[in-house]
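Note sheet for the following structure.
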Amino acid sequence: MRQAKGADDPRHAPLIAYERRGTSRAFTFYGLPESCSAIFFPGCALPGSRPGVVWKVYEELRRTLPELGIVLDCCLKPSHSLGRKEHFDTSFKEITDYLLEKGIKKVLVACPNCHRIFSEYGGHFKVETVYEVLAGIPGAIPDSGSPCVVIHDPCVSRGMKSMQDAVRQLVAHRGLHVEEMKHARQRTQCCGRGGGVNFVLPNALEDAAASRAAEAAGRAMVTYCAACAETYRGKTTTMHALDLWLSPELAKAGRSKVSRAPFTYLNRLALKRRFRNRGHFAVMRERGGKEVAIETTKRVKAATMVLVIAAAALLFRLAGGNQVCDPATLKQMLQGHEILAPVIFILLYGITPVLFLPGLPMAIAAGLLFGPLWGVIYAITGATLGASASFLVARYLARDWVAARLSGEMWQNLDRKVAEQGWKIVAVTRLVPLFPFNLLNYAFGLTRIPYWHYVTASFLFMLPACIAFIVFSSSLPQLLKGKASPALFAGAALIAAVMLLPAWYRKRARP
């Protein structure tokens with residue numbers, strides 16, 4: 001690789017800075033399970049623009065390669081293109097040396113640039129694209145009535161026939177008929193970003209996009225390079241092959257979720273955190289950092305969370321937290337704060353389940369303080385907030401500590417039933433209090449139920465009990481004056497109905 005003038009051109013500074021961020025400790029992540037011999041290397045652009053796609057592709061690849069590792073890093077293609085030879089050699093060698101040391105033999109890539117770099121400079125690795133793997137999964141067969149699309153082959157993919165064929169097969173499996181443009185495969189045209197030329201010749205992007213849009217002649221375009229997809233966005237209907245693989249209907253309608261800077265950087269950090277918290281890696285590492293055994297990370301995280309929760313609970317109690325949950329104390333405390341009172345109440349209610357404090361006094365207080373309507377609104381908001389907080393703590397921050405305390409048969413059955421029935425189990429357990437409420441919130445965080453399914457089901461099916469107790473408690477001031485209001489009878493009837501639910505459920509569930 002020759003030393004190019006582009007290496008010293010100040011106009012390339014943004015490209016070099018982008019690469020520098022991509023190879024920093026903040027954005028890099030190496031997660032390797034036990035007996036790992038293959039890794040998925042998604043590159044820089046996809047994790048930022050399509051983090052959900054990267055996650056789903058990794059999940060799909062693990063169906064056939066259970067011990068697949070993940071590496072979030074940059075292949076140094078910008079430095080390679082700009083002729084920064086010494087920097088490229090040193091930085092790319094750091095990647096390959098570590099992977100070889102760990103016994104990695106196969107690298108699965110999604111980016112044509114990464115494919116070229118690993119193929120030419122990786123040496124000992126077998127390099128394969130995810131398109132070749134995904135194309136092997138049977139799908140729809142296009143017929144004469146299928147929509148027609150064209151394929152834009154990234155310029156770096158010239159000569160990569162297996163990749164080109166796999167993408168076309170994947171597109172066909174999504175029920176689309178491929179028509180070849182004049183400039184395709186070996187004769188494909190550059191989108192204007194190759195080698196960072198767009199930083200020197202800004203018009204290159206516009207000219208290339210106009211040329212390709214004209215050649216597409218109104219047909220939708222599929223490409224397998226995130227940079228190319230971004231270039232042609234707005235010039236002609238364009239979709240990334242992995243968008244099409246993941247959600248065909250959304251991709252065909254042009255509604256695939258694609259992020260752009262600066263959100264791409266936030267997505268990369270969030271995706272790194274998601275992989276870090278996955279829990280099945282034997283070792284984890286950041287570029288330039290020390291390797292950390294997953295067991296060490298688990299112990300540190302669990303110990304930290306235990307200390308934080310314990311300290312918060314202790315401070316809350318020492319500061320009179322138990323008394324704060326008393327309705328009379330709450331009412332006195334919130335007097336004179338009509339505007340802030342609902343906010344304070346909701347936050348206090350949200351804290352109680354996280355710290356394993358009783359929620360019933362808070363529900364009663366809601367009725368006394370705010371009446372039946374607003375009491376229900378504020379109480380269900382606080383209860384949902386608290387249930388969500390406990391769920392997130394269990395799922396992302398203290399998973400192992402929570403799992404160690406919920407290892408009995410009852411909780412294992414809960415996990416199994418959630419896997420089978422999803423949100424319906426959340427609904428049942430909210431309506432029928434067969435489990436301790438505070439522990440249940442943490443337990444659901446260990447299951448695979450999607451967060452928003454859990455939140456929605458919790459909100460809807462906590463409402464009946466919430467309405468019952470708050471309607472009843474709102475009538476207590478009148479009862480103390482010797483008056484029996486309609487709210488008293490309505491609340492009592494609702495509470496009775498809620499109390500009878502467990503017996504009804506057991507009878508119905510009995511074979």
Side-chain angles (χ1 to χ4, degrees), residues 22 26-33 36 38-75 106-111 114 128-137 139 170 174 224-226 229-230 239-251 255-261 263-286 294 297 391-392 394-397 399 418-419 422 445-455:
F27 290 95
T28 54
F29 176 73
Y30 290 63
L32 307 179
C36 178
I39 58 120
F40 175 34
F41 193 98
C44 298
L46 278 175
S49 62
R50 298 164 173 84
V53 169
V54 173
W55 182 265
K56 292 293 185 182
V57 169
Y58 179 74
E59 290 286 286
E60 182 61 40
L61 296 175
R62 288 190 68 241
R63 293 179 185 273
T64 53
L65 293 170
E67 305 308 322
L68 181 71
I70 182 72
V71 173
L72 304 178
D73 205 335
C74 175
C75 71
K106 185 176 184 178
V107 178
L108 290 165
V109 298
C111 171
C114 295
E128 189 176 356
T129 70
V130 298
Y131 309 106
E132 294 165 78
V133 177
L134 299 176
I137 302 172
L170 187 153
R174 287 299 181 259
Y224 40 107
C225 170
E230 178 64 19
M239 62 190 94
H240 194 285
L242 292 180
D243 289 335
L244 185 63
W245 166 77
L246 179 63
S247 302
E249 297 308 316
L250 289 178
R255 294 190 289 113
S256 296
K257 185 177 181 180
V258 181
S259 299
R260 295 171 180 88
F263 300 105
T264 52
Y265 294 106
L266 298 176
N267 287 343
R268 290 166 73 177
L269 293 173
L271 184 63
K272 172 182 173 178
R273 182 178 181 82
R274 190 175 183 184
F275 275 117
R276 180 184 288 279
N277 290 333
R278 184 176 179 84
H280 80 282
F281 300 119
V283 294
M284 297 186 296
R285 170 185 180 266
E286 296 169 341
I294 187 66
T297 304
F391 178 94
L392 294 172
R395 176 160 290 187
Y396 297 111
L397 298 177
R399 186 178 188 88
V418 169
L446 302 182
T447 67
R448 294 186 179 183
I449 187 170
Y451 172 71
W452 287 111
H453 290 193
Y454 165 80
V455 171

*asked:* Test side chain to side chain contact (heavy atoms under 4.5 Å, CB included) on Leu46 and His240; report intermediate values, then the result.
replied: CA-CA 10 Å; Leu46 278 175; His240 194 285; 4.0 Å; yes

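- Looking at Glu230 and Arg260, a side-chain N of the basic residue comes within less than 4.0 Å of a carboxylate O on the acidic one, giving a salt bridge.
- Each of Leu242, Ile70, Leu271, Val57 was scored for a side-chain contact (heavy atoms from CB on, under 4.5 Å) with Pro42, with one residue passing: Ile70.
- Partners of Val133 by side chain to side chain contact (heavy atoms under 4.5 Å, CB included), not counting sequence neighbours, listed by chain and number: Leu61, Leu108, Glu128.
- Tyr131 meets the side-chain hydrogen bond (donor to acceptor under 3.5 Å, both in side chains) test with no other residue; sequence neighbours excluded.
- Judged purely by atom type and a 3.5 angstrom limit, Arg268 has no side-chain atom pairing as donor or acceptor with the backbone of Pro47.
- Salt bridge present: Glu286 and Arg276 bring a charged side-chain N and a carboxylate O closer than 4.0 Å.
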Quiz item: What's the verdict on side chain to side chain contact (heavy atoms under 4.5 Å, CB included) for Phe29 and Val71, showing C-alpha distance, side-chain angles and the deciding distance?
Solution: CA-CA 6 Å; Phe29 176 73; Val71 173; over 6 Å; no

key: Full working for side chain to side chain contact (heavy atoms under 4.5 Å, CB included) between Phe41 and Val107   = CA-CA 7 Å; Phe41 193 98; Val107 178; 4.0 Å; yes

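- Atom OH of Tyr30 is separated from atom SG of Cys36 by 12.5 Å, given to the nearest 0.5 angstrom.
- In Tyr451, the OH atom is crowded: over 12 heavy atoms of neighbouring residues, nucleotides or ligands sit closer than 6.0 Å.
- With no hydrogens or angles considered, no side-chain donor-acceptor pair links Thr28 and Asp73 at under 3.5 Å.
- Electrostatic pairing of Glu60 and Arg63 counts as a salt bridge here, judged by a charged N lying under 4.0 Å from a carboxylate O.
- In this structure a side-chain-to-backbone donor-acceptor pair under 3.5 Å is present from Thr129 to Glu132.
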